[in-house]
Amino acid sequence: MDSLVFIILTLCSLSSPPFIKSINIQTSFSVDLIHRDSPMSPFHNPSTSQFNLIKKAAFRSNSRLDRFSLSLLSNESPESIILPNNGDYLMRIFIGTPPIEKLVIADTGSDLTWVQCSPCMNCFPQNTPFYDTTKSSTFSNVQCDSHSCTLLPKEQQLCGKSNECFYSYHYGDRSFSIGELGFDSISFGSSNSTLQGANSVTNGNITFPKSIFGCGYYNIFTSDNSGKASGLVGLGAGPLSLISQLGDSIGRKFSYCLVPFASNSTSKLRFGNEAIITGEGVVSTPLIIKSSTPTFYYVNLEGVTVGQKMFHTGQTDGNIIIDSGTTLTYLEPPIFDNFITSMKEAIGIEQVEDSSSPFSYCFTYQPDINFPRVAFHFTGGANVTLEPKNMLLLYESNLLCLAVVSSNIEGVSILGNVAQIDFQVEYDLGGKKLSFVPSDCAKN
Ligand SMILES: *[C@@H]1O[C@H](CO)[C@@H](O)[C@H](O)[C@H]1NC(C)=O
Ligand SMILES: *[C@@H]1O[C@H](CO)[C@@H](O)[C@H](O)[C@H]1NC(C)=O
Ligand SMILES: *[C@@H]1O[C@H](CO)[C@@H](O)[C@H](O)[C@H]1NC(C)=O
């Protein structure tokens with residue numbers, strides 16, 4: 001790529017030859033998910049206090065909400081909302097032949113998997129070399145007139161002079177990434193999974209040949225750049241996401257189990273049969289994918305119980321996005337107002353005001369807090385009881401804050417990752433359902 005001339009190239013006409021070969025053999029495997037602030041993370045800075053980490057995570061979460069809202073409200077493609085260092089969980093992938101290890105953000109809120117590539121025209125700093133496609137014997141370009149290229153949202157796809165398929169994403173905060181789509185092997189160092197009938201397994205690793213990914217040549221990010229992550233894995237529901245590409249080979253299923261913030265254990269992300277959660281206490285609710293925002297996983301929150309009180313949202317068509325990369329839970333104004341009123345009443349401790357706080361309700365820690373039972377009622381009888389660890393963050397040495405805040409925007413609610421700690425959460429795209437079961441994620 002010698003210039004950015006392609007930006008002004010017109011879109012080429014597109015035919016639709018057959019799509020990615022679907023792999024019919026079922027594969028099952030798991031990878032570690034590392035919280036960016038956990039002791040296992042390369043981002044971990046032992047000198048940063050837990051309070052500071054929580055504060056930063058809350059602010060990161062807010063800026064992620066801004067991107068979500070931007071894309072939900074402006075009818076822009078949701079593909080335009082990816083930012084590195086802005087998701088909370090990292091994972092390792094290997095790209096190409098020979099395989100190059102990359103630490104990337106795992107993001108259920110976006111679709112395209114991409115890494116920074118050389119020759120890089122403008123990249124954010126990373127402490128490992130940029131990916132060099134010429135050194136991989138299995139890399140090939142995605143052609144602009146191929147079906148694979150049309151999986152990019154139209155306004156973000158451009159044809160190069162030699163029929164290359166370029167992508168161009170612009171973000172609300174003036175960040176952007178421009179690059180080229182290619183095919184290469186993506187593998188996952190696997191744990192002790194059964195790997196039965198896996199597509200291609202050697203030495204406990206599992207490889208998906210010809211995976212589509214983005215090679216970012218021109219990436220500017222206005223968020224913090226610590227040089228550790230070098231890209232992102234898109235786990236959204238859209239057609240380009242890793243989940244959609246693996247498709248039938250993982251039975252269109254994945255699950256995760258997130259350990260608490262400061263745990264020394266890693267969380268797990270599972271694919272295929274291994275992802276299925278069964279047994280006592282499993283509840284399921286319909287998973288709703290909207291054609292207007294095909295990336296996001298929606299479920300429908302019918303009501304919330306706080307202590308003895310329950311209120312209904314009166315909504316049915318998918319009113320909350322479930323996301324692993326957003327820290328806090330955001331509720332849209334009418335739902336939040338009911339929720340916060342009930343919470344304040346039940347907890348009964350005076351609010352500590354701090355206008356610079358990212359939270360809506362903080363109060364002084366007291367040993368005898370009367371924390372009410374909180375349950376989210378999702379459509380289909382999926383009642384999910386949230387424990388104090390799913391609702392409260394210790395912020396400063398004696399301040400507890402609710403990890404549920406107002407989105408301030410009608411029609412935008414997100415179930416964040418604090419609320420999902422110590423639950424196994426299964427996404428079954430084929431069966432169109434989302435399942436939860438409480439679990440000790442350090443052991444599972
Ligand atoms: C995984 O196995 C493939 C196929 O044998 C091999 O080429 C590749 O180097 C292995 N990847 C890793 C990360 O070990
Ligand atoms: C994690 O490990 C460190 C050092 O071994 C220890 O001090 C700390 O208590 C552990 N944290 C948890 C939550 O187990
Ligand atoms: C879920 O909670 C609602 C409201 O409390 C209750 O009416 C319903 O019976 C519960 N469903 C199940 C399956 O427990």
Side-chain angles (χ1 to χ4, degrees), residues 253-258 270 275-290 296-324 326 328-349 360-361 369-392 402-407 410-441 444:
K253 287 181 193 74
F254 71 100
S255 68
Y256 52 69
C257 197
L258 306 176
R270 298 182 166 88
I276 298 172
I277 58 178
T278 52
E280 213 183 312
V282 176
V283 295
S284 298
T285 189
L287 189 59
I288 300 161
I289 312 293
K290 303 186 179 185
F296 301 137
Y297 297 103
Y298 276 94
V299 288
N300 193 68
L301 183 63
E302 277 187 348
V304 178
T305 294
V306 176
Q308 303 302 313
K309 281 194 180 161
M310 180 186 172
F311 65 88
H312 294 269
T313 64
Q315 298 173 354
T316 54
D317 59 348
N319 58 0
I320 186 165
I321 294 169
I322 176 163
D323 180 37
S324 63
T326 304
L328 305 179
T329 288
Y330 295 85
L331 297 177
E332 62 175 302
I335 304 177
F336 180 77
D337 296 344
N338 278 323
F339 176 76
I340 198 72
T341 307
S342 312
M343 280 308 271
K344 284 181 176 171
E345 224 173 76
I347 294 173
I349 306 175
S360 304
Y361 177 42
I369 291 168
N370 189 8
F371 194 78
R373 173 176 177 261
V374 176
F376 277 23
H377 305 281
F378 296 103
T379 296
N383 295 342
V384 176
T385 299
L386 298 174
E387 304 291 335
K389 69 182 164 196
N390 300 119
M391 306 291 296
L392 293 176
L402 262 194
V404 180
V405 300
S406 173
S407 75
E410 230 163 292
V412 177
S413 296
I414 302 172
L415 189 68
N417 60 42
V418 171
Q420 300 174 59
I421 285 172
D422 280 340
F423 281 95
Q424 296 196 53
V425 183
E426 180 197 337
Y427 295 66
D428 177 353
L429 278 72
K432 292 198 168 67
K433 67 179 166 66
L434 185 87
S435 305
F436 297 90
V437 68
S439 182
D440 179 351
C441 293
N444 295 301

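One-based numbering, in listed order, for ligands and for the atoms of each.
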Would one find an N or O of Thr305, backbone or side chain, under 3.5 Å from an N or O of ligand 3? no
Under 4.0 Å to a heavy atom of Met310 - the qualifying atoms of ligand 3, by number: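 Listed by number with element: 4 (C).
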Just which atoms of ligand 3 are under 4.0 Å from any heavy atom in Gly381?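 It comes down to these atoms of ligand 3: 13 (C).
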Is it the case that the ring center of Phe378 lies less than 6.0 angstrom away from the ring center of Phe436? yes
Donor-acceptor contacts, no H, no angles, side chain residues 416-424, under 3.5 Å, sequence neighbours left out:
from   : atom 1 : to     : atom 2 : distance (Å)
Asn417 : ND2    : Asp88  : OD2    : 2.9
Asn417 : ND2    : Ser324 : O      : 2.9
Asn417 : ND2    : Thr326 : O      : 3.2
Gln420 : OE1    : Tyr256 : OH     : 2.5
Gln420 : NE2    : Asp323 : O      : 2.9
Gln420 : NE2    : Leu415 : O      : 3.2
Gln420 : NE2    : Gly416 : O      : 3.0
Asp422 : OD1    : Cys441 : N      : 3.0
Asp422 : OD2    : Lys389 : NZ     : 2.8
Gln424 : NE2    : Ser439 : OG     : 3.3

Carboxylate-amine/guanidinium contact Glu426 Arg270, below 4.0 Å: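 Salt bridge flag = no for Arg270 with Glu426.
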Shortest protein heavy-atom distance from atom 5 (O) of ligand 3, along with the residue and atom involved: His377 CE1, 3.7 Å
Identify the protein heavy atom lying closest to atom 2 (O) of ligand 3, giving its residue, its atom name and the separation to 0.1 Å.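 Nearest protein contact, heavy atoms only, for atom 2 (O) of ligand 3 is Asn383 ND2, 2.4 Å.
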Give a yes or no on whether atom 7 (O) of ligand 3 lies under 4.0 Å from any heavy atom of the protein.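 No, there is no protein heavy atom closer to it than 4.0 Å.
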Tightest non-hydrogen contact, residues Ile347 and Tyr361, listed as CG2-OH, 3.9 Å
Angle class for the Phe254/Tyr427 ring planes (parallel below 30°, perpendicular above 60°, tilted otherwise)? parallel
